Structure formats: structure tokens, C-alpha cells
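For clarity, every value in this text was computed on a predicted model and none was experimentally measured. Below, each value reflects all heavy atoms present in this structure, side chains not excepted, and no hydrogens, waters or symmetry copies. Naming convention: chains lettered A, B, ... in sequence-line order (proteins, then strands); numbering from 1 in each chain.
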Amino acid sequence: LSTYTQLLSVCAQAKDIEGAFEVFTMLEKEGLKADCFLYTTLISACGKAGKVDLIFQVFHEMLKKGVEPNIHTYGALIDGCARAGQVGKAFGAYGIMRSKKLKPDKVIFNTLITACGRSGAVERAFDVLSEMNSEPVPIEPDHVTIGALIKACTKAGQVDRAMEVYRMMQDKGIQGSVEAYTEAIHACSITGDVDTAFQIFEDMKGCNIRPDEVFFSALIDVAGHAKQLDTCFKILKEMKQMRVKPGVVAYSAIMGACSNTGSWEKGLEVYRD
RNA sequence: GGGAGUAGCGA
């Protein structure tokens, strides 16, 4: 069963629904009975492919077969609904989970916050944050929570609020991650706030977190939005110095900056390099 | 260190 689950996990990543159900058929032919892990993975596969109907079909089949869903299962359910843009259903699944007396963990809350962010419901995202804190045993936000909140604010154009979340991470001493810092940098690109972006970069260095290509690309993007092409190239240089190889993501950011500043010659030059 | 759920990639 664990082998089939791993196989399913691959299908999920590739968003290959057909493959996923093929795997499911195979294991049934072998006379194996799917367990909670396997159903959860199948639900995740349907979710990543945006098939809400299938998600619930699988979920109900699971119940019918007497397999008890756990928080991982509900996590996949919530995430799947959210990816399909069905926030209402996502919270519905969350409600069912609570009614079954299952205790939500950090991942569940982070998934809910992400769901709110995707739909532009910033207030609701913060409501979820408060809810974490109101649990009998309060659940502390982590770097994923921070990243998801910053993204929600940024997407809604609330840059100041995104920065408040960033400061919250520091104030609460939450251990950051490249992804969280990248989100914070990304927020700066809306306003083209290069200074703040570099300040964040410094903060991150102070925490001994290694920037990667996506991080540097976000930084280049900020400078690009601020129409500071020279800064973009300085960042590219620093990136190489730190032995982070620029790939398509970084060069796309550079191209975007060239485009923003009308520097087509520079863009061509980079392309030829 | 061995199977499942969450965040950085819509100019």
C-alpha cells in the first residue's frame, strides 16, 4: 500500500488525475484495501488538479468503506476546495472536521489562511489567525503562517499590512524561511520600495538564511518596478558572488526590468550572454 | 532519515 501511495503522490505532483485513478484501480485489482493515507493522497491529487467534485466523491467513498479520515485528510480536502476557488466549501470541510472533534493543527490553519488569501478575503485570513490563538492550546504562527498572511495582504494590495505581518514575525521571534522573506520582498515590489526590500535582505542574512534564486529574483523585481536597472544588475552580480546560479526565474526578472525601463538593448545583451 | 495535507513562480 505504501508503494501505491508513493506512486499516487507522484501523480498528484504531476496533476495527473487519470494516472491517479489508474493506480487506484490497480491496487483494487490486487485485492488491496485503500487506507487513510492512500485516500488522502488521492484527494490531494484531485485537489491539485482542481477537481472539486472528484474530491468529494473520493471522500464519500472513503467514508462508505469505513475508513476514518484524519486531519491530513481534511487538510487535503480544504486545500483542494481552495485551489478550485471554493472557499465556502473549504470552510465547510473545516466545519465537518470540527464537528468530528478533530483538533486542527498548524497545517490546517495555514491551509485556511492560504485559502482566504487566494480569494482575497484578507480579513478572514486574520480571523483565522485569531482563531489559532483562541484554541484551548493556542497554536503559534510559524513561517508558513507568516508567508501566507503576507501573500494575502499583498494580493489585496495592502502592503502596509503585509509589512506589519513581517514585523510580527520578528517581534514574536518566529523563525523565518526563504519563502517567508521572499513574500516580504514581493510585497515591496508593489510599491517599488527598494530600501525596505534591502533591509529585509539584511534581516535575512542576520538570521543565517541562504537566499536562493527565487529570493533574488523577487529582489530584482522590486528594483525593476522602481525602474532602477543598475540596481537590478548589482543584485544579479551579488547573486553570482553568493554562488546562487541565476536561471530562467532570475533572468525573467531582469528582462522584466529591462522592459519596464524601456532598455531593449540591455535586454538583448543579457539574452545573448 | 522509509508512504498522505499548508506558504515564495498571474506584466
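Screening residues 110-120 of chain A for salt bridge (Lys or Arg N to Asp or Glu O under 4.0 Å) gives D79(A)-R118(A) as the qualifying pairs, with residues at least two apart or on separate chains.
A distance of 10.5 Å separates CD of E61(A) from CD1 of I43(A), quoted to the nearest 0.5 Å. Taking CD1 of I174(A) as the start and CD of E140(A) as the end, the distance is 7.5 Å to the nearest 0.5 Å.
Of the residues in residues 94-116 of chain A, those lying under 4.0 Å from RNA chain B by heavy-atom distance are D105(A), V107(A), I108(A), N110(A), T111(A), T114(A).
Stacking between F37(A) and the base of G3(B) is present: ring centres sit under 5.5 Å apart and the planes differ by under 30 degrees.
The main-chain N or O of V222(A) is never found under 3.5 Å from a side-chain atom of S189(A) such that the two would form a donor-acceptor pair.
At least one side-chain nitrogen or oxygen of K151(A) sits closer than 4.0 Å to the OP1 or OP2 atom of C9(B). Between K48(A) and U6(B) there is a side-chain N or O to OP1 or OP2 distance below 4.0 Å.
Counting non-hydrogen atoms of neighbouring residues, nucleotides and ligands closer than 6.0 angstrom, the NZ atom of K33(A) reaches no more than 12 such neighbours.
Relative to the six-membered ring of F91(A), R124(A) meets both conditions, a distance below 6.0 Å and an angle of at most 45° to the axis.
Nearest to the side-chain atoms of R83(A) among the listed nucleotides A7(B), G3(B), G8(B) stands A7(B). The side chain of T40(A) sits closest to A4(B) out of G3(B), A4(B), G10(B). Among the nucleotides A7(B), A4(B), G3(B), the one closest to any side-chain atom of E183(A) is A7(B). Side-chain proximity of D79(A) to the nucleotides G3(B), U6(B), C9(B) is greatest for U6(B). Residue T5(A) has its side chain nearest to A4(B) when only A4(B), G8(B), U6(B) are considered.
Between I235(A) and the choices V194(A), I220(A), D221(A), the side chain to side chain contact (heavy atoms under 4.5 Å, CB included) rule is met once, by I220(A).
Within 3.5 Å, a donor on the side chain of D212(A) pairs with an acceptor on the base of G8(B), or the reverse. Interface remark: the D35(A) side chain does form a donor-acceptor pair with the G3(B) base, using a distance-only criterion of under 3.5 Å.
One can place CZ of F215(A) at 16 Å from C1' of A7(B), the figure rounded to the nearest angstrom.
Contacts of D142(A) with the nucleic acid, taken as non-hydrogen atoms under 4.0 Å apart, are absent.
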